[in-house]
Amino acid sequence: EPLGELPASEFSTDTPANTYEEITTYNNFYEFGSGKEDPMRLAPGRLEHRPWTVTVSGEAENTGEFGFDDFMRGLTVEERIYRLRCVEAWSMVIPWAGVPLAEVIRRARPTSRAKYVKFYTGYDPQVFPAQAARGMGFLASIDWPYTEGLRMDEAMNPLTLLATGLYGKEMPSQNGAPIRLVVPWKYGFKSIKSVVRIHFQETEPEATWNQLAPHEYGFYANVNPNVDHPRWSQARERRIGEFFKQDTLMFNGYQEEVAHLYAGMDLSKHY
Amino acid sequence: MRGGQPVMGAATLARTPSPAGLRALRVGLFAVAGLPAMMLAVGLVQGELGVNPVETLLDTTGIWALRFLLATLAVTPIRWLTGAVWVVRLRRQVGLWAFFYASCHFAVFAVFDHGLALAPMIEDIAKRPFILVGMSGLLLMLPLALTSTRGWIRRLGKRWRQLHWLVYPGAVLGLVHFFWLIRANRWTEPLIYAALLAVFLGWRAWRRRGVALRDG
């Protein structure tokens, strides 16, 4: 479904975007399997846009369960062309459609105890087939549902987006329909897909990859060419559609907008 | 011990093919083993290797290097189980295919990840143990490929066998390299290969012990 004419944003990059095909056929969405083609094969038809409920809970005044359309009412969806840098050292440029998360947070009126925001992907093995697999020991599957989190100031940053589409269309299922987070200065796994719950809390939230392998995936997960993944370099990245690698930029090139959030922090420790 | 006795039903398999038959087998093997490389080349030219073709090249060449390496290790057990002594005469080609795919795997890494820039490549190899391990596996295979000719086999005599024992650590390193880059729960394929390698190595150890007991 087309979303209509979307207002442009000053935050959009003028780097040419990847094609719709590239963006929708090469996805990490482990709820559908660990292969890059699993989501495009399995998500459409299973993961439907409606009905969809987003729950707002925790340290906020305006909590409750909202049908997707009610949740979006009064919010202006705009186009944001962002770079996306995956922790696996590939990258894309994606024309998202979405609303600033800050507006959603303001509407929820968080209390003074709300220091962090936690996000949950839906849990339903009928919709997400890989959630049915269990496994044991080191073969254990991910502890579903997928969760992620941001510090409140990160969540309020004008770059942080709740995206409901791309290329001017409704969000494809394999990209995290109907609503997902986009945090362009962090590795892609922070940008949690198919969000069903936004929870305000005082303590740092558990995040799925951080819990799975804390030495490899930190809570912050800021794109940083100077801090390598233990098994591979993060200094360079392969832009999908290109053969040779290019240099990775600090905070994925968004340092002007976000560097102040981490002033005084040792980013090799808080990776 | 079943020293080379064919199992039931393997009698036809045990019969050594004629020179012409063997030649046909070698040509057939060449065509089949070269197929993945051919498909990659065609896919590359036609732009059909997915949206991340370099990743496809890397993954496919790496996986086939491991598969052919395991296939060379399977030759001796197959000979013992079936009594088909002639399979040994296909082994060199299988081993060379393993080396070919491993070399392509390295070439893709060197060209597309580093643009053949030597210093960053060496730094990358030194800094990242999983690359170092894979690289070591390839280096172990290099002398094996070089001495695979008839002339070298003759020249080295008994030492050829000792040298070619390096295929075992080579295979172990290749498999460790594979395990090392697995994310989350994609263990199925590496576990299958590890099980095969364990069977091949275990079978050899068990046979050696048997020989030692009998001879000693």
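Note on naming: letters A, B, ... go to the chains in the order of the sequence lines (proteins, then strands), and numbering restarts at 1 for each one.
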Minimal heavy-atom distance between S191(A) and L181(A), with the atoms involved, is CB-O, 3.1 Å
Inset, instruction - Report yes or no: is the cationic atom of R83(A) (NZ for Lys, CZ for Arg) closer than 6.0 Å to the six-membered ring centre of Y254(A), at no more than 45° off its axis? - result: yes
- Message: Is the distance between the ring centroids of F100(B) and W97(B) under 6.0 Å?
- Response: yes
Whatever's closer than 4.5 Å to a heavy atom in chain A on F112(B) counts as both
So, the part of D124(B) with a heavy atom under 4.5 Å from chain A: the answer is side chain
Within residues 234-246 of chain A, the residues sitting under 4.5 Å from chain B by heavy atom, in sequence order, are R236(A), R238(A), I240(A), G241(A), F243(A), F244(A), K245(A)
Report task. Quick one: do L181(B) and W232(A) satisfy side chain to side chain contact (heavy atoms under 4.5 Å, CB included)? Show the steps, please. Result -> CA-CA 9 Å; L181(B) 48 85; W232(A) 57 81; 5.8 Å; no
Polar side chain donor-acceptor pair, [X] to [Y], under 3.5 angstrom:
X       : Y       : value
K36(A)  : N27(A)  : no
Q131(A) : Y146(A) : no
R197(A) : T147(A) : no

Taking the inter-plane angle between the rings of Y168(B) and W165(B) on a 0 to 90° scale, is it parallel (under 30°), tilted (30 to 60°) or perpendicular (over 60°)? perpendicular
Does the plane of the ring in Y167(A) sit parallel, tilted or perpendicular to the ring in Y20(A)? Use 30° and 60° as the thresholds.
perpendicular
Which region of [X], side chain (C-beta onward) or backbone (N, CA, C, O), has a non-hydrogen atom less than 4.5 Å from a non-hydrogen atom of chain B, or is it both or neither?
X       : result
S233(A) : both
D228(A) : side chain
E88(A)  : side chain

d(Y271(A) OH, E216(A) CD) to nearest 0.5 Å is 9.0 Å
Rounding to 0.5 Å, atoms CG (L44(B)) and CG (L49(B)) come to a distance of 5.5 Å
Within residues 52-71 of chain B, contacts to chain A at heavy-atom distances under 4.5 Å involve N52(B), P53(B), V54(B), E55(B)
Using a strict 4.0 Å threshold on nitrogen-to-oxygen distance, state whether K127(B) and E123(B) make a salt bridge. yes
